[in-house]
There are 2 protein chains.
Amino acid sequence: MSGTDVTRTDTTRGTSRIPLGREIAEDLRRRIVGGEFPPGARLPSETDLAAAYRVSRVTIRTAAKALESQGLVDIRHGSGMFVVDFGGQIRSGVQELRSITETIAEMGLEPGVEYHSISRRPGSRNESSRLHLDSGADVLELQRAITADSEVVAYSYDVLPAGDMTTEVENSFGDGSMFASMDRIGLVSVRALAELHAVHSADIGWGDDRPDNGLYLLLDQVHFDRDGTPVAYSQTYFVEGRFQFVLLRTR
Amino acid sequence: MSGTDVTRTDTTRGTSRIPLGREIAEDLRRRIVGGEFPPGARLPSETDLAAAYRVSRVTIRTAAKALESQGLVDIRHGSGMFVVDFGGQIRSGVQELRSITETIAEMGLEPGVEYHSISRRPGSRNESSRLHLDSGADVLELQRAITADSEVVAYSYDVLPAGDMTTEVENSFGDGSMFASMDRIGLVSVRALAELHAVHSADIGWGDDRPDNGLYLLLDQVHFDRDGTPVAYSQTYFVEGRFQFVLLRTR
DNA sequence: GAGTGGTCTAGACCACGCA
DNA sequence: GCGTGGTCTAGACCACTCA
């Protein structure tokens, strides 16, 4: 029964950082992607999994539900849990909070980021309100173009509270993933409340690669850290037709 | 303690059709939307809610998580559950598969459906492929306008496999929720794989209530039943600005 | 009818927030 | 330090599927 043992030396549950259910979900995911359970295969029953992982069935269910919401498995009442047959395509639901570059990389394309401008300025009323800042407080605005195989797939306007950022820190944003830079200075986004809008405008973006029709799908989101403190407000305009948003909706 | 009693005459739990957690979530939702808990207000603690609804805390948590994923409340560890301040617009968690009319009704508006046309015809190549039908097989196409307080919020073009539908069945679609009609004939949608697009076109919709800018958010989705059989293909064009799509993304 | 997932309970312990 | 949410357990009963 190899692979079923998520060694957990601490008997005092609740001390660990990662929830057990999540840890098990990730282990199962690895086993599925690794080929131990091929598409169409039935996973062991929840009772068996509970025994194998030495965990209650409720916890297994948490993991199972997570896999289902990721579209990896299909849970059928009375029959069992089956690995979904996804045609080689990597599925990334909108509901998962991950960096866009990460998603692009997983689709087998070459992700890139071009910084158009980085500037410090007082926040607008809307921005201050969304970020719970005093009006007039400084923000750092980033304007980035996100590319996949050198083609622009999105323009992103991101605003961070600039509070006590040093110039050095500000400059560190010019490179790589914004999430990575934010992590480095302790701005950790774990949740985002997003709105979706259709936008038609010639004023979005820059450069020669803008779409002729000026059509975008806007992901307007406020990011929060673990404490519920807003850490970023970003408006990302996805060029219609160049990025596929997939969503698994369940009843 | 008015409103806290979800009268449940059956003591034999598990017999009921609707899961308790969901029922409680809907009750809480009604109470929030109804103004009992205004934006910013703190809801009773989970322990108190459990006592009030005469239910275990785990069940309350299920309901709480549902409300959180709908973007209705903000759960803060150590502090409590707070009603999110939303601007009165219709709010729907995209990841939840529910009928649009249902969502509208729960926001306290008067939902309506106007059928523009119902017709039986051979499916197009795209439609046949999405519904796993033999090419040339008949489909039933519905064109509907969905309204909230008499204002059109979406135009929907829905295609169902017409297979062995009788004329009588076809006509039954002219009234009420499409999901309800589908349920009656055994087409039960439990899952949908959806794509999101921005659309700018003057050819969408009909009537006088169309938006001047012709901007829509398209939800393009294939519905599946429990067995993974496609039961419907629908393209719903939400009028930009009249329907708010909220998404809680988590890491 | 045997086996599977779906739901619910009562109780426990932990981590976090705040006064 | 107390109250709040976060996680987990062991057991129970139900509904569904399929042979």
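Each chain gets a letter, A, B and so on, in the order the sequences are listed, and its residues count up from 1.
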For nucleotides 1-4 of chain D, which of its nitrogen or oxygen atoms have a protein nitrogen or oxygen under 3.5 Å away, and what is each distance?
from: D/dG3; atom 1: N2; to: B/Gly78; atom 2: O; distance (Å): 3.0

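Comparing D/dC8, C/dT9, D/dG5 by their nearest atom to the side chain of B/Thr59 picks out C/dT9. Considering only side-chain atoms of B/Arg61, the nucleotide from D/dA12, D/dT9, D/dT7 that sits closest is D/dT7.
Residues forming a ring pair (Phe, Tyr, Trp, His ring centres under 6.0 Å) with A/Phe82 (at least two apart in sequence, or on another chain): none. For A/Asn126, the side-chain hydrogen bond (donor to acceptor under 3.5 Å, both in side chains) test picks out A/Arg130, with sequence neighbours left out. By the salt bridge (charged side-chain N to carboxylate O under 4.0 Å, His left out) test, A/Glu127 is found to be paired with A/Arg121, residues two or more places apart in sequence or in another chain being considered. The side-chain hydrogen bond (donor to acceptor under 3.5 Å, both in side chains) search around B/Thr236 returns B/Ser156, not counting sequence neighbours. With sequence neighbours left out, the side-chain hydrogen bond (donor to acceptor under 3.5 Å, both in side chains) criterion links B/Ser56 to B/Thr59. Take A/Tyr233 and apply the ring pair (Phe, Tyr, Trp, His ring centres under 6.0 Å) test, not counting sequence neighbours, and it matches no residue. Applying the salt bridge (charged side-chain N to carboxylate O under 4.0 Å, His left out) criterion to A/Asp48, with sequence neighbours excluded, gives no partner residue.
We find that OH of B/Tyr53 is positioned 14 Å from P of C/dT9, with the value rounded to whole Å. Atom CD1 of B/Ile60 is separated from atom C1' of D/dT7 by 17 Å (rounded to the nearest Å). Here D/dT7 presents its P atom at 14 Å from CD1 of A/Ile24, a figure rounded to the nearest Å. For the pair A/Phe82 CZ and D/dT17 P, the interatomic distance rounds to 12 Å; values are reported in whole Å. A/Arg57 places its CZ atom 11 Å from the C1' atom of D/dA12, with the value rounded to the nearest Å. Rounded to whole Å, atom C1' of D/dG5 lies 13 Å from atom CG of B/Leu43. Per the geometry, CG belonging to B/Leu49 stands 16 Å off C1' belonging to D/dG6, to the nearest Å. Here C/dC8 presents its C1' atom at 16 Å from CZ of B/Arg54, a figure rounded to the nearest Å.
By the 4.0 Å N-to-carboxylate-O rule, B/Arg22 lies close enough to B/Glu26 to be salt-bridged with it.
Each end of the helix from C/dG1-D/dC18 to C/dC18-D/dG1 gets its own axis from five base pairs, and the two axes differ in direction by 10°, given to 10 degrees.
Contact annotation: the side chain of A/Leu196 never approaches that of A/Leu218 to less than 4.5 Å [non-hydrogen atoms, C-beta and beyond].
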